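Structure first, then comments.
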Amino acid sequence: MVTIISTMETQVSNGPSGTSLPNGPVISTNGAADDSKTNLIVNYLPQNMTQEEFKSLFGSIGEIESCKLVRDKITGQSLGYGFVNYVDPNDADKAINTLNGLKLQTKTIKVSYARPSSASIRDANLYVSGLPKTMSQKDMEQLFSQYGRIITSRILVDQVTAGISRGVGFIRFDKRNEAEEAIKGLNGQKPLGAAEPITVKFANNPSQKTGQALLTQLYQTAARRFTGPLHHQTQRFRLDNLLNASYGVKSSPSFLPRFSPITIDSMTSLAGVNLTGPTGAGWCIFVYNLSPEADESVLWQLFGPFGAVTNVKVIRDFTTNKCKGFGFVTMTNYDEAAMAIASLNGYRLGDRVLQVSFKTSKQHKA
DNA sequence: TGTTATT
């Protein structure tokens with residue numbers, strides 16, 4: 001088990017780059033709207049926080065121009081951060097003062113001004129290993145700060161030994177080229193007084209997940225559904241103005257109860273429903289509640305990690321060419337198909353909860 | 001030897 005020494009030490013404030021006009025909006029020198037005083041980035045959000053809860057929390061401060069909880073494009077899972085753009089810069093300031101450092105479940109959220117988006121700030125996160133166990137987060141920052149502006153830093157610690165450094169950490173620089181210089185300057189070098197050299201390299205990009213990683217993630221999500229929330233009810237994130245917020249699931253389409261541990265057997269035993277059995281090349285799987293924008297690639301991405309997929313099809317409206325909400329996947333092996341169904345049925349894809357089952361003879365009726 | 005900071 002791993003925990004974090006600190007996520008809050010490095011605070012970032014971006015100097016506004018625009019010009020404030022009397023009684024008017026902030027206008028940047030190039031004429032584009034300048035949101036540097038209203039746009040915030042929120043980090044270390046609880047995994048299970050929904051867009052609605054996110055909006056509700058930050059909307060309690062003041063009027064929101066826009067906000068977005070950033071999610072994985074494929075799985076729809078929260079990436080643990082989001083953006084809030086307020087109408088009034090004063091509300092952005094207030095949000096930082098009142099919500100930064102707020103403890104939500106096991107996380108301590110960080111609220112700060114968002115830096116202007118640009119390619120140069122992407123992929124600037126470094127993975128550092130071989131650090132002396134005695135090196136603190138501050139020591140590490142000091143070592144790296146000669147190469148640029150540090151946005152975040154952390155050292156991983158062992159939880160069972162109550163906070164002993166694992167000699168592994170992360171450093172995020174403001175700019176990618178700063179991170180590159182730090183690698184050049186520090187990789188393979190011994191910090192002052194250290195016995196061993198440290199390794200410094202770019203951290204794995206979480207958006208480039210392997211099939212195996214995606215599969216693991218899907219299994220974990222499935223397991224969570226089957227065992228219920230990880231934490232005690234009272235530890236779960238609550239908002240006073242969200243009296244009956246559900247966790248992740250907005251609606252429960254059709255006959256499937258929320259979080260119900262539906263098994264293949266219970267599905268096949270439903271009255272009047274029979275499996276069609278292997279048809280031609282393999283087992284046909286019915287996927288329901290796809291978005292109108294869904295395409296074949298999402299089906300490949302979802303089912304591919306579970307085994308051999310021979311065919312996918314998204315059913316579209318003839319005139320609009322939009323997905324009609326469902327599709328089919330053919331898998332060669334029963335075991336893999338069954339595992340895919342067990343893992344993906346009830347899975348949240350973006351705002352939607354998928355229903356996944358073997359295609360049955362009566363699926364289209366009722 | 002592994003968290004989740006750029007819409």
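Naming convention: chains lettered A, B, ... in sequence-line order (proteins, then strands); numbering from 1 in each chain. The model shown is predicted, which means the values in this text are computed figures rather than measured ones.
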[X], nearest nucleotide to its side chain (from [options]):
X: A:I151; options: B:dG2, B:dT6, B:dA5; result: B:dA5
X: A:L156; options: B:dT6, B:dA5, B:dT3; result: B:dT3
X: A:N125; options: B:dA5, B:dT3, B:dT4; result: B:dT3
X: A:R154; options: B:dT4, B:dT6, B:dT1; result: B:dT4
X: A:N39; options: B:dT7, B:dG2, B:dA5; result: B:dT7
X: A:F170; options: B:dT4, B:dT7, B:dT3; result: B:dT3

Between [atom2] on [N] and [atom1] on [X], what's the gap in Å once rounded to a whole number?
X: A:E196; N: B:dT1; atom1: CD; atom2: P; answer: 13 Å
X: A:R71; N: B:dA5; atom1: CZ; atom2: P; answer: 17 Å
X: A:L40; N: B:dT7; atom1: CG; atom2: C1'; answer: 13 Å
X: A:F173; N: B:dT3; atom1: CZ; atom2: P; answer: 20 Å
X: A:D123; N: B:dT3; atom1: CG; atom2: P; answer: 18 Å
X: A:Y44; N: B:dT3; atom1: OH; atom2: P; answer: 12 Å
X: A:I171; N: B:dA5; atom1: CD1; atom2: P; answer: 14 Å
X: A:I96; N: B:dA5; atom1: CD1; atom2: P; answer: 16 Å

Item to complete: Please work out if A:Y127 contacts a base, only the sugar-phosphate, or nothing of the nucleic acid, heavy-atom cut-off 4.0 Å.
Response: base
Worksheet item: How would you label the contact of A:N85 with the nucleic acid (heavy atoms, under 4.0 Å): base, sugar-phosphate, or nothing?
Response: nothing
[X]: what forms a side chain to side chain contact (heavy atoms under 4.5 Å, CB included) with it, not counting sequence neighbours?
X: A:P292; result: A:K322, A:R352
X: A:S66; result: A:N85
X: A:N97; result: A:D93
X: A:A92; result: A:L40, A:Y86, A:Y113

Worksheet item: Which ranges of DNA chain B pair up as stems, where a stem means three or more consecutive Watson-Crick or G-U pairs with both distances under 3.5 Å?
Response: none
Worksheet item: Hey, mind stepping through A:N345 and A:Q355 against side chain to side chain contact (heavy atoms under 4.5 Å, CB included) and telling me if it holds?
Response: CA-CA 5 Å; A:N345 182 43; A:Q355 278 178 48; 4.1 Å; yes
Discussion item. Which residue in the set A:F303, A:F306, A:Y334 passes ring pair (Phe, Tyr, Trp, His ring centres under 6.0 Å) when paired with A:W283?
Written reply: A:Y334
Worksheet item: Would A:K138 and A:E141 satisfy side chain to side chain contact (heavy atoms under 4.5 Å, CB included), going step by step from the backbone distance to the final call?
Response: CA-CA 5 Å; A:K138 248 190 173 57; A:E141 283 198 12; 5.6 Å; no
Practice prompt. Could you pull out all residues at least two apart from A:F83 that satisfy ring-ring contact (aromatic ring centres under 6.0 Å, His included)?
Written response: none
Discussion item. Any N or O donor-acceptor pair under 3.5 Å from the base of B:dT6 to the side chain of A:R115?
Written reply: yes
Discussion item. Using OP1 and OP2 only, check whether a side-chain N or O of A:T152 sits under 4.0 Å from B:dA5.
Written reply: no
Fill in: Below 4.0 Å: OP1/OP2 of B:dG2 and any side-chain N or O of A:R166
yes
